[in-house]
Q: 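Following this message is one structure expressed as structure tokens.
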Amino acid sequence: MANLLQIHEPGATPTPHEGDSGLSIGIDLGTTNSVVAISTDGKPEVLRDENGAALVPSVVAYAPDGSAIVGGMARNLLLDRPDSVVGSIKRLMGRGVEDIKSLAGTLPFDVSPAEEGETGMVRLNVAGHRLTPVEISADILRALKERAEDHLGHTIQAAVITVPAYFDDAARTATKDAARLAGLDVLRLVNEPTAAALAYGLDKDAEGVYAVYDLGGGTFDISILRMEKGVFQVLATGGDAALGGDDFDHAIAEYFLDERAGKLGENKLTGSEVKMALMTARLAKECLSHESSGEWVLDVGGKQSRHRLDRQTFEKLINDLVERTLKICQSVIDDSAIETSAIKGVVLVGGSTRVPLVRSGVESLFGKAPLADIDPDEVVAIGAALQAEALTVGSDTLLLDVTPLSLGIETMGGLIEKIIPRNTPIPVAKAQEFTTYQDGQTAMAIHVVQGEREMVDQNRSLARFELRGIPPLTAGAARIRVTFAVDADGLLTVTATEDSTAIEAEVAVKPSYGLSEEEMAAMLYDSMKNAKDDMTARLLAESRVEAGRNLNAVRSALNVDGDLLDGAQRDAIDAALEALQAAVSGDDRDAIEGAAEALENITKPFAEKRMDRGIRAALRGARVETLDSEASNG
């Protein structure tokens, strides 16, 4: 029988360091480069090739028979067989065909149209094959797994894999699917900034509040963490899942291509030619990170053009991109409720942090030189390896990550009721009670949403399901408990239970691959920009909902006990009902509140008459001495 991998929460293992059969690896699956590492006895090691290189370029070349080459050799094949080579595939994880249309001008991918019966997942035409980002990422993970097995001399079954903090459920699920295709069990998905903090915390025995600034090839994340006595708690996180060093490359490539068009009169390039231009731009970016200027030759379509670029011009090209990251940093600092001066250090993660403008911008914002004594390309994999050891062999380190966006459900009036606020530590489970809106209601539709805005249509829809079999009670009498549970990977399960019958419905939120990642980063910005308007809209919606309840209650009462009213009284109530109904149709909250108050005042005598009738009905036929006896025994 094969050995089973034993998984323990940190500090909970009964037999620490028991042999090597349970060894698992840590993987930083990056946009530009990937890294694999392993940790033994708390000492992480980045695994390197025969030339001592830790970085595996996240580039895959495919042969006509479907076989894959991963890494530096695949990147070199860009020169000879650009149509057979794919890079930056991480940017497509969790995206659908509709999403990719908006990126056609910036990502050199040949998108294949969906065939009948296929999901909305993107498929690319590569060397005559239709491949998904999941399959391409699996080839990269398989190459990393093989490097680890060659180094260790035995099979690797499991891994901790890092993801950007702002990866949504679709991208996280796609990452786990890719690992499964590569033959790896995912012990946990860990946010990249958290993994970096873990590496620094254990290596430097650091305590206090730290910021982790993570600018990779395709994504940007910033997290504020508190490290204390082996506990790593994320206080706030933010980022942009579509901003990274690739965008620096695009800025340089566009600059070069504009110059080239002026010289040679060229216009639109093919996808392969764009790949060549981007490769030249990347070389220029890397050179200008340590040189003041340089000259590069762009060889496209058999025509060469020379382009000179200095660092000052390069920094002008990317200044807006760097400023975007710094604005997100300030927002996350505000969310953490920590003063900038209280942040002890800033950890740099990702190869793009080598760009001098990035480093100077970070230093200016935080008021201190950033920490970069662990290689920014390797630090995330080191943290992942330490967490892999903690989960399989044991550790005294506890990792408390957070959910990046609020989770909730739709309530009447198109409002969102947030059940798990953003920046809540995970894993977490929270419940809230809801009730029915109408008399006799026997089912409730549950609409799960994610985001920071006040109205449902301004947030992201995650899932819908129904709870049926609710007892047909009066409106507001039933009690439905809705529980949100987010696991350590950031994946969500929602359960709805009716209290009196214990009937239950549950949905594990299975994301659509067609969701757009950059919408996530825009959500927080939109919530801040539109906070006042959102709150006004929410208050108006709440007034409408409450008015609707009043209208339904009064109309229901009139159907039952309308005979208690004379003609004038009934006319007055009907007029008040019409006035409130008209106000509800408008956008004046004060008018709705005023009409509701008028209805309440004019129906008070009617309510008293109904109460009197109810008391008389309850007492009808009861003997006086019986009532006296019950009163004395009460």
Side-chain angles (χ1 to χ4, degrees), residues 96 117 119-120 168-170 172-173 403 405-421 424 426-487 489-515 538 541-560 581 584:
T119 67
D168 64 10
D169 277 357
R172 289 170 190 265
T173 300
T403 181
L405 291 170
S406 299
L407 297 160
I409 69 169
E410 178 179 359
T411 58
M412 288 301 298
L415 302 173
I416 176 173
E417 183 67 25
K418 294 169 185 173
I419 295 178
I420 298 181
T424 297
I426 57 174
V428 64
K430 289 192 176 184
Q432 192 162 323
E433 281 197 346
F434 296 88
T435 189
T436 51
Y437 182 74
Q438 295 179 332
D439 292 344
Q441 184 176 335
T442 60
M444 177 179 283
I446 310 292
H447 181 198
V448 183
V449 291
Q450 182 177 38
E452 304 309 316
R453 303 290 293 276
E454 297 295 334
M455 307 302 292
V456 165
D457 59 4
Q458 298 163 338
N459 292 283
R460 170 169 305 189
S461 173
L462 292 183
R464 295 176 186 267
F465 67 105
E466 287 191 348
L467 177 67
R468 295 189 170 275
I470 300 171
L473 305 174
T474 57
R479 291 288 176 266
I480 293 92
R481 176 174 287 267
V482 178
T483 303
F484 277 48
V486 181
D487 67 15
D489 294 325
L491 303 177
L492 172 67
T493 300
V494 181
T495 307
T497 308
E498 199 284 317
D499 283 353
S500 65
T501 61
I503 62 162
E504 183 175 286
E506 179 180 286
V507 60
V509 176
K510 294 182 179 178
S512 161
Y513 283 105
L515 297 175
R538 181 182 184 93
E542 287 176 343
S543 295
R544 283 174 171 163
V545 169
E546 189 59 33
R549 285 201 177 101
N550 291 341
L551 289 167
N552 289 340
V554 172
R555 286 166 178 160
S556 178
L558 289 172
N559 288 336
V560 176
Q581 187 66 62
V584 167

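Because only heavy atoms are used, hydrogens play no part in the values below, and waters and symmetry mates are left out as well, while side chains stay in. By convention here, the first residue in the shown sequence is residue 1.
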Q: Residues in side-chain contact (heavy atoms from CB on, under 4.5 Å) with A429, at least two apart?
A: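 Only A485 meet the side-chain contact (heavy atoms from CB on, under 4.5 Å) criterion with A429.
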
Q: What closest approach, in Å, do I480 and M444 show between heavy atoms, and which atom pair accounts for it?
A: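 For I480 and M444, the tightest heavy-atom pair comes out as CD1-CE, 3.9 Å.
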
Q: Of all residues at least two apart in sequence or in a different chain, which pass the side-chain hydrogen bond (donor to acceptor under 3.5 Å, both in side chains) check with E433?
A: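 Applying side-chain hydrogen bond (donor to acceptor under 3.5 Å, both in side chains) to E433 gives none.
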
Q: Taking all non-hydrogen atoms of both residues into account, name the closest pair between D439 and S556 and its distance.
A: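 Smallest interatomic distance, heavy atoms only, reads OD2-OG, 3.7 Å.
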
Q: Apply side-chain contact (heavy atoms from CB on, under 4.5 Å) to residues I409 and H447 and explain how you reach the verdict.
A: CA-CA 5 Å; I409 69 169; H447 181 198; 5.9 Å; no

Q: Taking side-chain hydrogen bond (donor to acceptor under 3.5 Å, both in side chains) as the test, write out the residues that go with T442, two or more places apart.
A: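 With sequence neighbours excluded, T442 shows a side-chain hydrogen bond (donor to acceptor under 3.5 Å, both in side chains) to no residue whatsoever.
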
Q: For residues A496 and L467, report the shortest heavy-atom separation together with the two atoms involved.
A: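 So the minimum-distance heavy-atom pair works out to O-CD1, 3.6 Å.
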
Q: Should R479 and T435 count as side-chain neighbours, where that means a heavy-atom distance under 4.5 Å?
A: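 Result yes, sub-4.5 Å side-chain heavy-atom pair found.
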
Q: Which atom names give the shortest non-hydrogen contact between Q441 and I470, and what distance separates them?
A: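 Between these two residues, the closest heavy atoms are O-CG2, 3.7 Å.
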
Q: Which heavy atom of D499 sits nearest to which heavy atom of R481, and what is that distance?
A: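 Nearest pair, atom of D499 first, then R481: OD1-CB, 4.1 Å.
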
Q: Test your reading of the model: is there a side-chain donor-acceptor pair from R468 to the backbone of A443, 3.5 Å cut-off?
A: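 The answer is no, because no donor-acceptor pair under 3.5 Å joins these two groups.
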
Q: How far does CD1 of I420 sit from CZ of F484, to the nearest 0.5 angstrom?
A: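 Result: 7.0 Å between the selected atoms.
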
Q: I need the minimum non-hydrogen distance between P471 and T501, along with the two atoms involved.
A: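 Here P471 and T501 meet closest at CG-CG2, 3.7 Å.
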
Q: With rounding to the nearest 0.5 angstrom, report the CZ to CG distance, R555 to N550.
A: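 Output value for this atom pair is 11.0 Å.
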
Q: Quick one, V482 and Q432 - any side-chain contact, counting heavy atoms below 4.5 Å?
A: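 In short, these two side chains do not touch, never coming nearer than 4.5 Å.
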
